[in-house]
Amino acid sequence: LFCHGRRAYRRIALFLCYYLYKNVSLLMSDLWWMHQDGFRARTAFPEYLSIGFNVLYSAWHVIFVIGFDRDVSDDVANARPELYHVGPRRALFNPRRFTQWMMLGVFQGSIAWCVPYYLLLPDGTVYDKSTPGPFWVSSTAAFTAVNIVVNIRLVLSSPSPFRRTTVWPTVLAFLCYGIG
């Protein structure tokens with residue numbers, strides 16, 4: 001029971017922080033675009049990308065990455081009671097830790113939008129929803145950057161980033177994005 005409770009706390013804390021972080025990261029692109037576009041209510045990303053983000057590109061593999069994650073074996077966890085102190089101390093999910101995740105999402109999402117936008121569209125925006133053009137190239141590049149950054153953040157936040165239950169689901173999520 002102790003091992004499962006300790007792991008459950010760690011998993012829930014990582015899940016909550018990651019899930020909100022990835023959505024804040026993507027939201028920053030929309031906020032930057034709204035400001036740059038003069039609040040004309042035009043979409044920043046093609047619809048299929050926005051729809052697929054929370055389903056195919058950054059969410060389903062979290063079940064595998066977090067669900068099968070083990071930082072230490074049950075024997076080690078039972079032998080070392082100090083490993084259980086993170087729960088009562090709220091070390092993994094508290095206002096400070098949550099704020100760190102959200103601020104990182106704001107920063108990384110802003111960078112992911114601004115770098116492709118200003119590199120690929122230095123003279124301003126040409127927004128034409130009916131035909132592909134430079135705006136959609138920069139928009140898709142920004143979306144790709146957000147997708148890569150949030151998935152890498154999940155892998156690096158996992159206590160066992162090189163286990164096959166972490167690596168393969170993440171690779172498959174990238175493939176879903178590449179095929180989509």
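When reading the values below, keep in mind they use all heavy atoms of this one structure, side chains included, and skip hydrogens, waters and symmetry mates.
Taken together through direct or relayed side-chain contacts under 4.5 Å among Ile, Leu, Val, Met, Phe, Trp and Tyr, Leu154 and Leu27 form part of one hydrophobic cluster. When the side chains of ILVMFWY residues are joined at heavy-atom separations under 4.5 Å, either directly or via intervening members, Val115 and Val137 end up in two distinct hydrophobic clusters. Ile63 is not connected to Tyr18 by any chain of hydrophobic side-chain contacts under 4.5 Å among Ile, Leu, Val, Met, Phe, Trp and Tyr, and they are in different clusters. With hydrophobic clusters built from ILVMFWY side chains whose heavy atoms lie under 4.5 angstrom apart, Phe45 does not share a cluster with Ile111. Hydrophobic clustering (ILVMFWY, side-chain heavy atoms < 4.5 Å, transitive): Val55 and Val62 are in one cluster.
For Trp168, the CH2 atom counts as loosely surrounded, since its 6.0 Å shell holds 12 or fewer non-hydrogen atoms of other residues, nucleotides or ligands. Other residues, nucleotides and ligands contribute more than 12 heavy atoms inside 6.0 Å of the CZ atom of Arg163.
Heavy atoms only, all atoms of each residue included: Pro116 and Ala141 are closest at CB-CB, 4.0 Å. Scanning both residues, Asn147 and Phe174, for their nearest heavy atoms gives O-CE2, 4.1 Å. Residues Ala59 and Tyr19 come closest through the heavy atom pair CB-CE1, 4.1 Å. In terms of heavy atoms, Pro161 sits closest to Val167 at O-CG2, 3.5 Å. Smallest separation of non-hydrogen atoms from Ser138 and Leu120: CA-CD1, 3.6 Å. Across every non-hydrogen atom of Leu26 and Phe53, the tightest pair is CD2-CD2, 3.4 Å.
Here Met34 contributes atom CE and Thr43 contributes atom OG1; the two are 12.0 Å apart, rounded to the nearest 0.5 Å. Atom OH in Tyr117 sits 11.0 Å away from atom OG in Ser139 (nearest 0.5 Å). Between the CD1 atom of Ile12 and the SG atom of Cys17 there is a distance of 12.0 Å, given to the nearest 0.5 Å. For the atom pair CZ of Arg11 and CD1 of Ile66, the computed distance is 9.0 Å after rounding to the nearest 0.5 Å. Note that the CD atom of Gln36 and the SG atom of Cys114 stand 6.0 Å from one another [nearest 0.5 Å]. Once rounded to the nearest 0.5 Å, the distance linking CG of Leu14 with OG of Ser158 reads 7.0 Å.
A heavy-atom distance below 4.5 Å is found between the side chains of Leu49 and Phe143. Looking at heavy atoms from C-beta onward, Val146 lies in side-chain contact with Ser29 at the 4.5 angstrom threshold. With contacts defined as side-chain heavy-atom distances shorter than 4.5 Å, the pair Tyr9/Arg90 qualifies. Taking 4.5 Å as the limit, some side-chain heavy atom of Arg10 sits within range of a side-chain heavy atom of Pro159. In this structure, Trp33 and Arg42 have side chains that are in contact, with non-hydrogen atoms separated by less than 4.5 Å. By the 4.5 Å heavy-atom criterion applied to side chains, Val65 and Val155 are not counted as neighbours. Looking at heavy atoms from C-beta onward, Ser58 lies in side-chain contact with Asn151 at the 4.5 angstrom threshold. Looking at Asp30 and Trp113, their side chains never come closer than 4.5 Å, going by heavy atoms from C-beta outward.
Side-chain atoms of Lys22 and Asn54 include a donor-acceptor pair closer than 3.5 Å.
Taking the six-membered ring where the residue is Trp, His35 and Trp32 present perpendicular rings, their angle passing 60° and hence far from 30°. Between Tyr177 and Tyr57, the two ring planes are perpendicular [angle over 60°; tilted spans 30° to 60°].
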List, one per line, each side-chain donor-acceptor pair under 3.5 Å for residues 100-108, sequence neighbours excluded.
residue	atom	partner	partner atom	Å
Gln108	OE1	Tyr21	OH	2.4

Discussion item. Arg153 vs Leu156, test: side chain to side chain contact (heavy atoms under 4.5 Å, CB included). Steps then yes/no.
Written reply: CA-CA 5 Å; Arg153 172 77 171 149; Leu156 294 178; 5.9 Å; no

Fill in: Phe93/Leu16 under side chain to side chain contact (heavy atoms under 4.5 Å, CB included): CA gap, chis, key distance, verdict
CA-CA 9 Å; Phe93 191 73; Leu16 288 173; 4.0 Å; yes

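Of the possible donor and acceptor atoms, none in the side chain of Asp37 sits under 3.5 Å from a partner among the backbone N and O of Phe39. The backbone N or O of Phe162 lies less than 3.5 Å from no partner atom in the side chain of Thr166, so there is not a single donor-acceptor pair.
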